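Chain identifiers are assigned alphabetically (A, B, ...) following the order of the sequence lines, protein sequences preceding nucleic acid strands; residue numbering begins at 1 within each chain. From a predicted model like this one, the values you see are computed outputs, not experimental measurements.
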2 protein chains.
Amino acid sequence: MESNQLYNHLERLSELLRTDLRKSGIEHGLQPVQLEVLHYLSVCNRYSDTPLAVTEYLGQTKGTVSQTIKVLEQKGLLLKRSDTEDRRVSHLELTKKGHKLLDRLVPPPMLIKACDKLPQKAHKQINHALHQLIMALLQSNGMKSFGVCHTCRYNGRSEDGGYYCNLVQQPLSVDDVQRICREHETAA
Amino acid sequence: MESNQLYNHLERLSELLRTDLRKSGIEHGLQPVQLEVLHYLSVCNRYSDTPLAVTEYLGQTKGTVSQTIKVLEQKGLLLKRSDTEDRRVSHLELTKKGHKLLDRLVPPPMLIKACDKLPQKAHKQINHALHQLIMALLQSNGMKSFGVCHTCRYNGRSEDGGYYCNLVQQPLSVDDVQRICREHETAA
DNA sequence: AAAGTAAGTATCGACTCGATACTTATTTCA
DNA sequence: TGAAATAAGTATCGAGTCGATACTTACTTT
């Protein structure tokens, strides 16, 4: 069984990460899943900052995510605003307090320490390997990729040379194209 | 910040794995953490099959682990036996039912699918990268390695040519040296 | 306008997990 | 040798997770 060893590693890694996340989060009254939501919101684009997008990203139900968001809002770490076009939709935005907290906790200190000791080359290899694995997982299970616009098949250029999304038919800034989008589809 | 991208990947991977584990576990009435305990017990050696070892491996408190184990015992997935030498200590052992269940759920189908699509070479690279990362994490944070006896500094040979552990002063079988030990220390 | 659908919320129950206090067994050491 | 310290594990509590279900509100379809 080839995937056995791989699973051993993944489970261990996952457990180490989660334990560390729990430990550093608890000092600020945050659960692992809450940190994950904050982190996601800090890297997603303006079409992907809704509760539903979080739901898809985390693979939970919308009820569960709704709870998590409520708590984060009460803690003053994020702000909820109704969409002006479709009032069923909410947009979530980190507050300054939220950003500050995230900056201190993510990436977790444990990981930073480990990275410092790794040579540049190993670092690159690991990053590449992880990316490859994630892609394989998503593709072979027909899941959304949640990649950055830059690598999306809908991403193009407008006449003035700027970036342009052919799906939502909107221009994108340089910052935009480096953010995660829930509509992302890998370029062919 | 070099570790940022790495963290993005790790968090995503961890989340994907956990969601899948939750989904497949729920069908058998098992939580992710319960599956992790079962899996650990299936790969650890006879010095590492105690509640305390599980506690260290999962990075939780002994109270929490005690609960988890109690549930698994009630479900008939594992057996608890008192140590004959030190009656404070319990040894945990998967039942046939436990082994059967684990065989069906681990590795998770999602991962198996992904592995099938990955070329042999990529598979090896990913495995190596993960191992390297785990080692870096454990070393730079002074944590127990939980490696297999085969790679331990205490592992040696006895006069008759068999394996021998210089820490517990006991001979080890061929099967033994491929199992995870809580006393494991990386060879110098 | 009515039915259908989508986004999000409210509530409930089973479960996790840390904290604290406890029991029992072993070790230390005066 | 006997009391204190320590170790392994359990019991209990409370805050929080998470899925299921039912609901509200808003948009879409026909």
Side-chain angles (χ1 to χ4, degrees), chain A residues 14-15 18-38 47-75 77-92 182-183, chain B residues 14-15 18-38 47-75 77-92 182-183:
Chain A
S14 181
E15 197 49 56
R18 193 174 181 79
T19 300
D20 196 51
L21 221 52
R22 186 181 295 282
K23 205 170 49 189
S24 56
I26 211 90
E27 291 162 19
H28 299 82
L30 288 181
Q31 302 290 321
V33 72
Q34 296 169 345
L35 278 175
E36 279 166 14
V37 170
L38 291 181
Y47 307 114
S48 314
D49 60 354
T50 68
L52 189 58
V54 175
T55 298
E56 288 165 349
Y57 188 77
L58 292 188
Q60 299 184 337
T61 63
K62 54 184 184 174
T64 300
V65 170
S66 177
Q67 292 307 306
T68 304
I69 287 171
K70 198 172 95 181
V71 174
L72 291 175
E73 200 184 4
Q74 284 165 357
K75 284 179 190 285
L77 298 173
L78 64 77
L79 224 88
K80 203 186 317 184
R81 283 177 300 110
S82 279
D83 189 292
T84 48
E85 312 257 304
D86 185 339
R87 272 177 301 173
R88 290 172 305 181
V89 177
S90 300
H91 291 275
L92 308 169
R182 60 182 288 213
E183 308 289 358
Chain B
S14 180
E15 197 50 54
R18 193 173 180 82
T19 300
D20 197 51
L21 220 54
R22 186 181 296 282
K23 205 170 50 190
S24 57
I26 212 87
E27 292 162 20
H28 299 82
L30 287 181
Q31 303 290 320
V33 72
Q34 295 169 348
L35 279 175
E36 279 166 14
V37 169
L38 291 181
Y47 307 114
S48 313
D49 61 354
T50 67
L52 188 57
V54 175
T55 299
E56 289 166 350
Y57 187 77
L58 293 188
Q60 300 183 336
T61 62
K62 55 184 184 172
T64 299
V65 169
S66 177
Q67 292 308 306
T68 304
I69 288 170
K70 198 172 93 180
V71 173
L72 291 174
E73 199 183 6
Q74 283 165 356
K75 285 180 190 285
L77 298 172
L78 64 77
L79 225 88
K80 203 186 318 183
R81 282 177 301 108
S82 280
D83 189 290
T84 48
E85 311 259 302
D86 185 340
R87 270 177 303 173
R88 291 172 304 180
V89 177
S90 300
H91 291 273
L92 308 169
R182 61 181 289 213
E183 308 288 359

Original post:
Is the backbone of B:Arg182 close enough, under 3.5 Å, to the side chain of B:Ser48 for a donor and an acceptor to pair up by distance?
Top reply: yes
Subject >> Residue-phosphate contact under 4.0 Å: A:Arg87 side-chain N/O, C:dA7 OP1/OP2 >> reply: no
Original post:
Distance-only, no hydrogens or angles: does the B:Ser24 side chain make a donor-acceptor pair with backbone N or O of B:Asp20 under 3.5 Å?
Top reply: yes
Original post:
Considering residues at least two apart in sequence or located in another chain, which fulfil the salt bridge (charged side-chain N to carboxylate O under 4.0 Å, His left out) criterion with A:Asp83?
Top reply: none
Subject >> Footprint string (nucleotides 6-20 of chain D, 5' to 3'): B base within contact, S backbone only, - free, heavy atoms under 4.0 Å >> reply: -BBBBSB---SSBB-
Original post:
Counting N and O atoms only, with roles assigned by atom type, does the side chain of A:Ser66 sit under 3.5 Å from a partner on the main chain of A:Lys62, one being a donor and the other an acceptor?
Top reply: no
Original post:
Is B:Leu30 close to B:Leu72 at the side-chain level, that is, under 4.5 Å between some pair of heavy atoms?
Top reply: yes
Original post:
In whole angstrom, what separates B:Leu30's CG from C:dA14's C1'?
Top reply: 14 Å
